[in-house]
Amino acid sequence: MKVIVVANQKGGVGKSTISCNLGVAAALNGKKVLIVDADPQGSSATFRAVRETDDLKVISIVKPTIHKDIRDFSSFDLVIVEAGGRDSVVFRSAILAAAGGILVIPILPSQYDIWATEDTFQVLRDARTYQDIAAYALFNQVIQNTTVAKEAVETLKDMTAENEVRLLSQNLYQRVDYKKSISEGKGVMEYAPGGKAAQEVRTLFDEICRPLEAGN
């Protein structure tokens, strides 16, 4: 069983979209996938409710037992935990669940959003006093045909270096396919398999799987 935790205390960074698309990518690769929705908003659970196929299982856990419960899901090839909201015992439990797997922190490509991620980095630092956790940062919702501001990139590079977090090379961009596919209970790889969004997710999934298979 492999574990990916997608988490950030900052709202609106695309945790649900990323979690569901990674889950679909894994399912299309023949994996048995479980998404643990630890966000009180329950967006991943809503996605599953409108999804027609049953190749993804989604459960909700909003108690601080995720890092313990994760051991009960060994029958799955991949478990994706989506966690957000304010600093809480549930959020910290979700971060701890990344031990032995990887933590992915989605970040919007603005100076403000990068600064706001410091709260999540602090929780990561606290969690690492108990467990070794491999963490990666992901630029999400990048505006098409633009590059991320140099100042923002440099700020994030400094923060990730200080916190031993690696910046993923694949960005995800603002594309209509993400919104349209989610509303139909599909990942972009199903909705528009030849599209740019599908290629982004496919490349991101492959990039994330490398450290997972290698043991971080």
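Nothing here was measured: the structure is a model prediction, and the numbers come from that model. Just so you know, residue 1 is the first one in the sequence shown, and it goes up from there.
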Chemist: Is a donor on one side and an acceptor on the other found under 3.5 Å between the side chain of D37 and the backbone of D39?
Modeler: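 It does hold such a pair.
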Chemist: Please report the closest heavy-atom contact between V142 and F139, naming both atoms and the distance.
Modeler: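 Scanning both residues completely, I find the closest heavy atoms to be CG2-CB, 4.0 Å.
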Chemist: Is there a donor-acceptor pair closer than 3.5 Å between any side-chain N or O of N21 and the backbone N or O of V188?
Modeler: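 Yes; at least one donor-acceptor contact below 3.5 Å.
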Chemist: Supply the atom-to-atom distance Y173 OH to Y178 OH, rounded to the nearest 0.5 angstrom.
Modeler: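 So the OH of Y173 and the OH of Y178 are separated by 10.0 Å.
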Chemist: Kindly say whether F91 contributes a backbone atom to a donor-acceptor pair with the side chain of S88 at under 3.5 angstrom?
Modeler: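 The answer is yes, because a donor-acceptor pair under 3.5 Å joins these two groups.
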Chemist: I'd like to know whether V33 forms a side-chain contact (heavy atoms from CB on, under 4.5 Å) with K57, so could you lay out the CA-CA distance, the side-chain angles of the two residues, the decisive distance to 0.1 Å, and finally the verdict.
Modeler: CA-CA 6 Å; V33 183; K57 182 175 181 180; over 6 Å; no
Chemist: Would you call E118 and R125 a salt bridge, using N to O less than 4.0 angstrom?
Modeler: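 So E118 pairs with R125 through a salt bridge.
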Chemist: Checking side-chain polar atoms at under 3.5 Å, does S110 have a donor or acceptor matched by the opposite partner on D113?
Modeler: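 Per modelled atom types, S110 and D113 side chains form a pair under 3.5 Å.
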Chemist: Grab the two heavy atoms, one from I80 and one from S19, that are nearest each other, plus how far apart they are.
Modeler: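 Minimum heavy-atom contact is CD1-O, 3.7 Å.
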Chemist: If hydrophobic clusters are built by linking Ile, Leu, Val, Met, Phe, Trp and Tyr wherever their side-chain heavy atoms come under 4.5 Å apart, do L124 and M159 end up in the same one?
Modeler: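 Yes, one cluster joins them.
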Chemist: Please say whether more than 12 non-hydrogen atoms of neighbouring residues, nucleotides or ligands are located less than 6.0 Å from CD in Q41.
Modeler: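 It does not: Q41 CD has 12 such atoms or fewer within range.
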Chemist: Before giving the answer on side-chain contact (heavy atoms from CB on, under 4.5 Å), spell out for L212 and I4 the whole-Å C-alpha distance, their side-chain angles and the decisive distance to 0.1 Å.
Modeler: CA-CA 8 Å; L212 268 181; I4 301 171; 3.6 Å; yes
Chemist: Indicate, with yes or no, if I35 and V13 share a hydrophobic cluster defined by side-chain heavy-atom contacts under 4.5 Å among Ile, Leu, Val, Met, Phe, Trp and Tyr.
Modeler: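 In one cluster with V13: I35, no.
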Chemist: About how many Å separate CD1 of I182 and OG1 of T17, when rounded to the nearest 0.5 Å?
Modeler: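 The OG1 atom of T17 sits 4.5 Å away from the CD1 atom of I182.
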Chemist: Can you get from L172 to I102 by hopping between Ile, Leu, Val, Met, Phe, Trp and Tyr side chains that sit under 4.5 Å apart?
Modeler: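 In one cluster with L172: I102, yes.
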Chemist: Between V62 and I59, is there a shared hydrophobic cluster once you connect ILVMFWY residues whose side-chain heavy atoms come closer than 4.5 Å?
Modeler: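 Unlinked, V62 and I59 end up in two clusters.
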Chemist: Test your reading of the model: is there a side-chain donor-acceptor pair from T160 to the backbone of L167, 3.5 Å cut-off?
Modeler: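 Between the backbone of L167 and the side chain of T160 there is no qualifying donor-acceptor contact (under 3.5 Å).
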Chemist: Look at the side chain of R48 and the backbone N and O of A45, then say whether any donor-acceptor pair between them is shorter than 3.5 Å.
Modeler: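 Side chain of R48 to backbone of A45: no pair is present.
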Chemist: At their closest point, which heavy atom of A38 faces which heavy atom of I66, and how far apart are they?
Modeler: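 Answer, listing the atom of A38 first, then I66: CB-CD1, 3.5 Å.
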Chemist: Counting N and O atoms only, with roles assigned by atom type, does the side chain of Q131 sit under 3.5 Å from a partner on the main chain of R128, one being a donor and the other an acceptor?
Modeler: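 Absent.
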Chemist: Taking atom NZ of K186 and atom CZ of F47, what is their separation to the nearest 0.5 Å?
Modeler: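 One finds 10.5 Å between NZ of K186 and CZ of F47.
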Chemist: Can you check side-chain contact (heavy atoms from CB on, under 4.5 Å) on L204 and L168, steps first, answer last?
Modeler: CA-CA 8 Å; L204 176 64; L168 290 164; 3.9 Å; yes
Chemist: Is the shortest distance from a Lys or Arg side-chain nitrogen in R51 or D55 to a carboxylate oxygen in the other one below 4.0 Å?
Modeler: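 Looking at D55 together with R51, the answer is yes, because their closest N to O distance falls below 4.0 Å.
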Chemist: Any donor and acceptor pair, going by atom type alone, linking the side chain of N8 with main-chain N or O of I105 inside 3.5 Å?
Modeler: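 Pair absent, no side-chain N/O of N8 close to backbone of I105.
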Chemist: What pair of heavy atoms forms the shortest contact from G187 to V24, and how long is it?
Modeler: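 Reported closest heavy-atom pair: N-CG2, 3.9 Å.
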Chemist: I need the E213 CD to D206 CG distance, nearest 0.5 Å.
Modeler: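 The distance works out to 11.0 Å.
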Chemist: Between V165 and F121, is a side-chain contact (heavy atoms from CB on, under 4.5 Å) present by the stated rule, with each step listed?
Modeler: CA-CA 9 Å; V165 174; F121 286 156; 4.0 Å; yes
Chemist: Quick one, P64 and R92 - any side-chain contact, counting heavy atoms below 4.5 Å?
Modeler: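 Answer no - side chains too far apart.
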Chemist: Applying the 4.5 Å side-chain criterion to the ILVMFWY set and letting contacts propagate, would I133 and I70 be lumped into a single cluster?
Modeler: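 Hydrophobic grouping puts I133 with I70.
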Chemist: Give the minimum heavy-atom separation between S93 and H67, together with the two atoms involved.
Modeler: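 Nearest heavy atoms, S93 then H67: OG-ND1, 2.7 Å.
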Chemist: Taking atom types as modelled, find out whether D177 and S181 have a side-chain donor-acceptor pair closer than 3.5 angstrom.
Modeler: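 Looking only at side-chain atoms, S181 and D177 do not form any donor-acceptor pair under 3.5 Å.
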Chemist: Rounded at 0.5 Å granularity, tell me how far CD1 in I114 sits from NZ in K157.
Modeler: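 With rounding to 0.5 Å, CD1 (I114) is 11.5 Å from NZ (K157).
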Chemist: Taking the basic N atoms (NZ, or NE/NH1/NH2) and the acidic carboxylate oxygens, is any pair closer than 4.0 Å for K2 and D77?
Modeler: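 Not counted as a salt bridge, because no side-chain N and carboxylate O are separated by less than 4.0 Å.
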Chemist: Would you check if the side chain of Q9 reaches a backbone N or O of D87 as a donor-acceptor pair within less than 3.5 Å?
Modeler: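 Checked: pair present.
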Chemist: Would you give the length of the straight line joining atom CD of Q174 to atom CG of N171, rounded to the nearest 0.5 angstrom?
Modeler: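 Rounded to the nearest 0.5 Å, the CD-CG separation comes out at 12.0 Å.
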Chemist: Measure from the side-chain N and O atoms of K15 to the backbone N and O of K10, and report whether any donor-acceptor pair falls under 3.5 Å.
Modeler: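 Side chain of K15 to backbone of K10, a donor-acceptor pair under 3.5 Å: yes, one is there.
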Chemist: Identify the two heavy atoms, one from A26 and one from L78, that lie closest to each other, and give their separation to 0.1 Å.
Modeler: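 Residues A26 and L78, closest heavy atoms: CB-CD2, 3.6 Å.
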Chemist: Quickly, which of E200, E207, Q199 forms a side chain to side chain donor-acceptor pair (under 3.5 Å) with T203? Name it, please.
Modeler: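 Passing option: Q199.
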Chemist: Is a donor on one side and an acceptor on the other found under 3.5 Å between the side chain of S183 and the backbone of K180?
Modeler: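 Indeed, once roles are kept as given, a pair shorter than 3.5 Å links the two residues.
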